[in-house]
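These numbers were taken from a predicted model, which means no experiment stands behind them.
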Amino acid sequence: MKLFYKSGACSMAAHILLNEADVPYTLEKVDTDAGTTENGTAYAQINPRGYVPALKFEDGSVLTENVAILTWLSEQFPQRGGQGGTSTLQKYRMLEALSFLTSELHKAFSPYFSGKTFTAEESARNLAALRKKISQFEGMLSDDGGYLLSETFSVADAYDFVILNWTSFIGVALTEWPRTTDYVNRIKARPATQRTLQEEGLAA
């Protein structure tokens, strides 16, 4: 397998999962602005929509869209960062979490990476919307020091970490949300996450 990624982007979730599963894979970095990969390939040949992630298989076929890739990985490697459980309901709990993450929490960060200049009023609205979604996520966490779906790390946790880690790039502190702060730190400390941060050039 080859993962096409951009450092720190949502593709990092799949990267973490591949390291959790400890399976053979290769990486190819993408410059989404230039539309090329580090090997000089036009990225549109891999994903015509131009964004990451994309997962290329040995037969040359390509899977795109973050939720699709994470779901595929969860089914291939359920024992290492998979569904957080084996029951049918647990699988749908995972999809429930991924839906919230991609359509709500991820979306709340979009203005900060849009390249647009906002007025003070617009900036205040953006921050209020972001704080609301992080607060909603805080409410999804329990106090038992586990993970989002259970005591077992899952693909949802990998994606959660990537999104919430963006706060460090936009200057928003998570201290207002203690359960979320502990949760992010717990995932960051996992060996697979540390390896991923190192491989993407983001290790502190």
Side-chain angles (χ1 to χ4, degrees), residues 1-58 60-77 80-83 94-95 97-115 137 147-148 153-170 184 187-188 190-204:
M1 290 180 290
K2 177 184 287 187
L3 177 67
F4 292 86
Y5 79 103
K6 183 176 182 177
S7 293
C10 62
S11 52
M12 184 190 285
H15 192 177
I16 291 172
L17 262 295
L18 288 167
N19 282 335
E20 285 280 350
D22 196 25
V23 294
Y25 71 92
T26 58
L27 294 169
E28 190 160 345
K29 193 172 184 178
V30 178
D31 183 334
T32 53
D33 293 327
T36 57
T37 74
E38 62 183 327
N39 292 333
T41 302
Y43 187 55
Q45 296 177 11
I46 306 299
N47 183 359
R49 293 175 297 284
Y51 49 77
V52 295
L55 192 61
K56 187 174 184 179
F57 301 105
E58 296 299 323
S61 61
V62 176
L63 183 64
T64 64
E65 300 300 332
N66 199 36
V67 171
I69 291 172
L70 293 179
T71 302
W72 184 86
L73 288 169
S74 78
E75 293 178 352
Q76 296 301 306
F77 313 110
R80 297 296 299 273
Q83 298 164 7
M94 182 196 73
L95 292 174
L98 290 177
S99 295
F100 169 76
L101 294 175
T102 193
S103 64
E104 301 293 336
L105 189 59
H106 187 154
K107 185 178 179 180
F109 282 87
S110 296
Y112 294 91
F113 301 111
S114 67
F137 178 76
Y147 293 100
L148 184 60
F153 181 81
S154 76
V155 297
D157 298 305
Y159 192 15
D160 285 332
F161 171 79
V162 173
I163 296 173
L164 293 167
N165 191 52
W166 292 339
T167 56
S168 62
F169 298 117
I170 65 173
V184 169
I187 298 173
K188 187 175 183 178
R190 294 178 69 87
T193 306
Q194 286 294 306
R195 176 181 167 187
T196 301
L197 291 169
Q198 183 71 38
E199 290 171 344
E200 296 200 6
L202 298 173

Practice problem: Show the numbers, then the answer: is there a side chain to side chain contact (heavy atoms under 4.5 Å, CB included) between E20 and F77? | Solution: CA-CA 9 Å; E20 285 280 350; F77 313 110; over 6 Å; no
Self-check item: Derivation of the side chain to side chain contact (heavy atoms under 4.5 Å, CB included) call for F161 and V184
Solution: CA-CA 6 Å; F161 171 79; V184 169; 4.0 Å; yes
Practice problem: Apply side chain to side chain contact (heavy atoms under 4.5 Å, CB included) to the pair F109 and I163, showing each step before the final yes or no. | Solution: CA-CA 8 Å; F109 282 87; I163 296 173; 3.5 Å; yes
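The minimum heavy-atom distance linking L70 with A14 is given by the pair CD2-N, 3.8 Å. Scanning both residues, I46 and A54, for their nearest heavy atoms gives CG2-CB, 3.9 Å.
Between the T32 side chain and the Y51 main chain, no donor and acceptor come within less than 3.5 Å of each other. Between the side chain of W166 and the backbone N or O of H106 there is no donor-acceptor pair closer than 3.5 Å.
No side-chain heavy atom of Y112 sits less than 4.5 Å from a side-chain heavy atom of F169. Looking at L105 and L164, their side chains come closer than 4.5 Å, going by heavy atoms from C-beta outward. Between C10 and Y159, some side-chain heavy-atom pair lies under the 4.5 Å cut-off.
Note: S154 OG to L17 CG = 8.0 Å, rounded to the nearest 0.5 Å. The CH2 atom of W72 sits 10.5 Å away from atom OG of S74, with the distance rounded to the nearest 0.5 Å. Here OG1 of T64 is found 5.0 Å from CG of N47. Values are rounded to the nearest 0.5 Å. Here the OG atom belonging to S7 is positioned 7.0 Å from the CE atom belonging to M12, to the nearest 0.5 angstrom.
By the side chain to side chain donor-acceptor pair (under 3.5 Å) test, E28 pairs with K2, T37, N39, sequence neighbours left out. In this structure, the side-chain contact (heavy atoms from CB on, under 4.5 Å) partners of V67, at least two apart in sequence or on a different chain, are T71, L98, T102. Shown here are the salt bridge (Lys or Arg N to Asp or Glu O under 4.0 Å) partners of E199, two or more places apart in sequence or in another chain: R195.
No donor-acceptor contact under 3.5 angstrom links the side chains of Y43 and D31, judged on distance only. Donor-acceptor pairing under 3.5 Å is recorded for the side chains of N19 and T196.
Among I187, D160, V155, the one residue that satisfies the side chain to side chain contact (heavy atoms under 4.5 Å, CB included) test with L148 is D160.
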